[in-house]
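Okay, so here's the structure we're looking at.
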Amino acid sequence: MLFAVIPAGGSGTRLWPLSRAGHPKFLHPLTGTAASLLQATVQRLAPLTTPERTLVVTGLAHAAAVARQLTGLPEENILVEPSPRDSCAAIALAAAVIARRDPDAVMGSFAADHLIADPEGYVATVRRAVEGAQQGLLMTVGIKPTRPETGYGYLQCGSGVGDGPIRVVEEFKEKPAYDVAVSYVESGRYFWNASMFVWRVDTFLAELARQQPEMHAGLERIAAVWESAAREEVLGEVWPTLPKISVDYAVMEGAAVAGLVGTVPGDFGWNDIGDFHTLGDVLPTDPAGNVVVGAGTAGDKPGVLLHDSSGLVVVPGSGRLVAALGVRDLIVVDTEDAVLVCPRDRAQDVKKLVDQLKQRGDDSYV
């Protein structure tokens, strides 16, 4: 049975002021239900694994909140990293810990902050990826592109592997210009890189040792004492020395050049919730196209009053009444200490406000 690893980090600056460093987006109920993004991730993995084989890698600041939200997980399955070192260190730590429990294990890494519209299609796709991993490939789940998106990375695919849907990944392509993205989609040889990975832990750790020997050696030291009293001392000594690099750059790009990466296409309503405009596109709307985030969910929600308004994304979070009259295509986010109002087509620029707050030293708002 699959070991499921969920890296839960990042602050989601394009979802400010709802998402903050101390309470990032994966802890919020942005799914259209009472479940947080993290809880929804665990729920849709349930047909593939068990709580005993589900691990979350998160930061010190979020560990308590993660434990509160995931009461069904064993305490030892919440792996706490002392500081952010990007995705490779987080995922490889989990792989090294799992390898100590089961050296022949297959693990999958699935982000904590994605929305999936078709959970059954998602499970079927992951199962096909597991088949590729058992053949010794480092597998990705490639999302079938629905439009020429410039904000995603792409997987350039080559020949098929056997009679099934598995294809060889020849190269990872970074975020392209629009005309290049159009050519990618039209060719049928490219998938979006959704950063979902499935592999045998021994295969991955061997490739990590080949490409990143110092990181591999450091993580093996940590994993060797993970269940002992020496964990904190070794973590404190080794963790800050690990390279800060994504798993794509550290392992997957080089493995693809070596012909070791495969992919299975996924078409299950995947969405990477990066900003409020995207949230408005994927959550249910009222007849005027307005989305109220958190409407109908559990908890104490304030009222929202909309009149002659359309295309709004409203996030009430302060307890105050939020009212809008005669406006179109706006984002309105109301929290206890900050209010954001901006056009939906400027949603990507919200991170600029966070950058400006950091420059001003207003860290209490970040």
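Since the structure is predicted, the reported quantities are computational estimates derived from the model, not experimental observations. Counting from 1, the numbers follow the sequence of the chain as shown.
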>> salt bridge (charged side-chain N to carboxylate O under 4.0 Å, His left out), that's the test. Do Arg320 and Glu336 meet it? Break it down for me.
In response: CA-CA 9 Å; Arg320 292 180 290 250; Glu336 290 184 0; over 6 Å; no

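- Taking 4.0 Å as the cut-off between side-chain N and carboxylate O, Glu227 and Arg100 do not count as a salt-bridged pair.
- Going from atom CD of Glu120 over to atom CZ of Phe268 covers 13.5 Å, rounded to the nearest 0.5 Å.
- The pair Asp308-Arg328 meets the salt-bridge criterion, since a charged nitrogen lies less than 4.0 angstrom from a carboxylate oxygen.
- The two residues Ile331 and Pro343 come nearest to each other via the heavy atoms CD1-O, 4.2 Å.
- Side-chain atoms of Asp281 and Thr278 form no donor-acceptor pair, as typed in the model, at a separation below 3.5 Å.
- Minimum interatomic distance between Gln69 and Phe26 (heavy atoms only, all atoms of both residues): OE1-O, 4.4 Å.
- One finds the CZ atom of Arg221 at 10.5 Å from the CG atom of Leu235 (value rounded to the nearest 0.5 Å).
- Counting only heavy atoms from C-beta outward, the side chains of Thr140 and Phe191 never approach each other to under 4.5 Å.
- Side-chain contact, Arg200 with Gln134: no donor N or O sits under 3.5 Å from an acceptor N or O.
- Using a 4.5 Å heavy-atom cutoff, the side chains of Met107 and Phe204 are not in contact.
- Atom NZ of Lys173 sits in a crowded spot, with more than 12 heavy atoms from other residues, nucleotides or ligands closer than 6.0 Å.
- Nearest heavy-atom pair across Thr31 and Ala40 is CG2-CB, 3.9 Å.
- Side-chain contact between Tyr152 and Asp272 is present, with heavy atoms from C-beta onward closer than 4.5 Å.
- The minimum heavy-atom distance linking Tyr122 with Leu45 is given by the pair OH-CD2, 3.5 Å.
- Looking only at side-chain heavy atoms (C-beta outward), Met215 and Arg85 stay at 4.5 Å or farther from each other.
- Between Leu18 and Leu30, the closest side-chain pair of non-hydrogen atoms falls below 4.5 Å.
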> When you look at Gln211 and Glu207, which way does the side-chain hydrogen bond (donor to acceptor under 3.5 Å, both in side chains) test go after all the steps?
Replying inline: CA-CA 6 Å; Gln211 295 192 55; Glu207 189 61 12; 2.8 Å; yes

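- With a 4.5 Å cut-off on side-chain heavy atoms, Val56 and Asn77 do not count as touching.
- With hydrophobic clusters built from ILVMFWY side chains whose heavy atoms lie under 4.5 angstrom apart, Trp199 shares a cluster with Ile245.
- Residues Val315 and Leu15 form no side-chain contact, since every pair of their non-hydrogen atoms from C-beta on lies 4.5 Å or further apart.
- To the nearest 0.5 Å, the span separating CD on Glu76 from CD on Glu52 amounts to 9.0 Å.
- Under the salt bridge (charged side-chain N to carboxylate O under 4.0 Å, His left out) criterion, Arg189 pairs with Glu170, not counting sequence neighbours.
- Not one N or O on the side chain of Asp86 forms a donor-acceptor pair closer than 3.5 Å with the backbone of Cys88.
- Atoms CD1 and CG, on Ile91 and Leu79 in that order, are 12.0 Å from each other to the nearest 0.5 Å.
- The closest side-chain heavy-atom distance from Tyr184 to Gln156 is not below 4.5 Å.
- Note that the CG atom of Leu70 and the OG1 atom of Thr58 stand 10.0 Å from one another [nearest 0.5 Å].
- Summarising the geometry of Val80 relative to Trp226, their closest heavy-atom pair is O-CH2, 4.3 Å, with the distance given to 0.1 Å.
- The CG atom of Leu55 sits 5.0 Å away from atom CD1 of Ile98, with the distance rounded to the nearest 0.5 Å.
- Taking every heavy atom of both residues into account, Leu205 and Ala99 meet most closely at CD1-CB, 3.8 Å.
- Side-chain N/O atoms of Ser87 and Ser246 include no donor and acceptor closer than 3.5 Å.
- Relative ring orientation between Trp270 and Trp192 is described as tilted, the plane-to-plane angle lying within the 30° to 60° band.
- In this structure, Val182 shares a hydrophobic cluster with Tyr178, the cluster being traced through Ile, Leu, Val, Met, Phe, Trp and Tyr side chains under 4.5 angstrom apart.
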